[in-house]
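In what follows, a structure is listed as structure tokens, so that the remarks can point back to it.
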2 protein chains.
Amino acid sequence: MGHAETIPKKRQLVEAAAGLFHEQGVATTTLADIAAAAKVALGSVYYYFKSKDDLVCSVIDQRKDTIARLIARQETISDPRDRLGALVQVWVEDNDIDALYGCPVGSICFELARTRGPLSEQATRPFRLLLDWCEKQFRLLGAGDKSDRYALHIISALQGISLTAAVFGEAEMITKEAEHLQEWLQTI
Amino acid sequence: MGHAETIPKKRQLVEAAAGLFHEQGVATTTLADIAAAAKVALGSVYYYFKSKDDLVCSVIDQRKDTIARLIARQETISDPRDRLGALVQVWVEDNDIDALYGCPVGSICFELARTRGPLSEQATRPFRLLLDWCEKQFRLLGAGDKSDRYALHIISALQGISLTAAVFGEAEMITKEAEHLQEWLQTI
DNA sequence: GTCTATACAGTGATAGAC
DNA sequence: GTCTATCACTGTATAGAC
């Protein structure tokens, strides 16, 4: 009774970790930081997660789910071109936060994939989801063989502009590149 | 007498650090790692650098110089369009290493800029150099007002594809996106 | 389940012999 | 200049009371 409205502590920890990983990176974020942000004791973290890597794994999973929901939301749009345009607009909407810390998905996936450790395979999943969805949209647009190239282009453009805008801390860079991408989409 | 061929230890440390920062990131690379790679004792690092941050600063500076030399080399090409094309080809040449660890400039600049610490301003410089040079080339091509947008597009495309290829560990992604960029350059 | 206390392994940085 | 030894501190992880 009433346990529907209590956010489970496990989720609370994952969300706090996700935010801190985005702002500071995985390597520089300590479990003490996360515990404090989630308002639980340091020792309690190990009741929910057997290690830091285990928590990191849950964060990647949460990011993957976010992407999945994002994609699902676009499916209500009838035209595949408009769906891709709407995806680009997501970056524009988040341009202020992305210009500070980069893309929340790209930054963590890159940091973990680069290590070539056990988490690197896991880190490809949110990306794969997004890439495959884009390719499908281009295919629906009749791009045929070029669909995978186009998908790669739009995703890497969004990732690259997030990185570049974060380096300079300039949110307008994202809107500028987004306009460029929207124009390009019309030519497909 | 003969000191021309002895690589100064300071440079040796900077190069070892640059390599490790690229492969593992700044945060996860220890001074012990760097000292071992440069074949000097841990304590000796502090004879040349007053802190880890000081060494990091030197690495950024070295990256900036590398970009400066890269740009200078393109100046021998007469057509600005070909100069930009040659820049893209640099990423293709290094596609194997970039597909493992990302762009050596982008990864470190992003990691440091995100912290919003004292090194973040320093970390923008290699990027600024590259961006300004590209804008100048587009201006020479007659792109006028659009030159800054085009410069942003080419740089963020190169950064984004490096990041994406590194996530998946697929070097062919870089060549694929490079072809796309080369075709785009012809339309300017 | 949640907490405090603590063990244990690094890590940046310093001291001082040679 | 280059080294070894060590300090002070932080971070992950565990033990055990409640």
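Below, chain A is the first sequence line, B the second, and so on; all start at residue 1.
Atom CG of B:L55 and atom P of C:dT11 are 16 Å apart (whole Å). A:Q12 has its CD atom 13 Å from the C1' atom of C:dT2, to the nearest Å. Taking atom CG of B:L31 as the reference point, atom C1' of D:dC7 lies 16 Å away to the nearest angstrom. Between A:Y48 atom OH and C:dC3 atom C1' the separation is 12 Å, expressed in whole Å. Going from atom NZ of A:K10 over to atom P of C:dT2 covers 13 Å, rounded to whole Å. The nearest whole Å value for the distance from the CZ atom in B:R11 to the C1' atom in D:dG1 is 19 Å. Rounded to whole Å, the distance from NZ on A:K50 to C1' on C:dG1 is 20 Å. Remark: P of C:dT14 and CZ of B:F49 are 15 Å apart, rounded to the nearest angstrom.
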How far apart are the C-alpha atoms of A:Q74 and A:D82, what are their side-chain angles, what is the distance that settles it, and do they pass the side chain to side chain donor-acceptor pair (under 3.5 Å) test? CA-CA 9 Å; A:Q74 314 304 329; A:D82 293 340; over 6 Å; no
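Surrounding CG of B:D96 are more than 12 heavy atoms belonging to other residues, nucleotides or ligands, all under 6.0 Å away.
An OP1 or OP2 oxygen of D:dG1 is reached within less than 4.0 angstrom by no side-chain nitrogen or oxygen of B:K9. Dashed line: the shortest gap from a side-chain N or O of B:Y46 to OP1 or OP2 of C:dA13 is under 4.0 Å. Distances shorter than 4.0 Å separate none of the side-chain N or O atoms of B:S44 from OP1 or OP2 on D:dG1.
Using a 4.0 Å heavy-atom criterion, one finds that B:V45 contacts no nucleic acid atom at all. Across all strands, B:T28 comes closer than 4.0 Å to no nucleic acid atom at all (heavy-atom distances).
At least one cation-pi condition fails for A:K64 and A:F127: the charged atom is not both under 6.0 angstrom from the six-membered ring centre and inside a 45 degree cone around its axis. A cation-pi contact, defined as under 6.0 Å to the ring centre and within 45° of the axis, links B:K10 to B:F49.
The minimum heavy-atom distance between B:A16 and B:I34, with the atom names listed, is CB-O, 4.1 Å.
Picking from C:dA13, C:dG1, D:dT12 the nucleotide with the shortest atom distance to the side chain of A:T30 gives D:dT12. Ranking C:dC3, D:dA13, C:dG12 by closeness to the A:K52 side chain, first place goes to D:dA13.
Comparing A:L42 and A:Y47 by the nucleotide of DNA chain C that holds the closest heavy atom to each, the one mapping nearer the 5' end is A:Y47.
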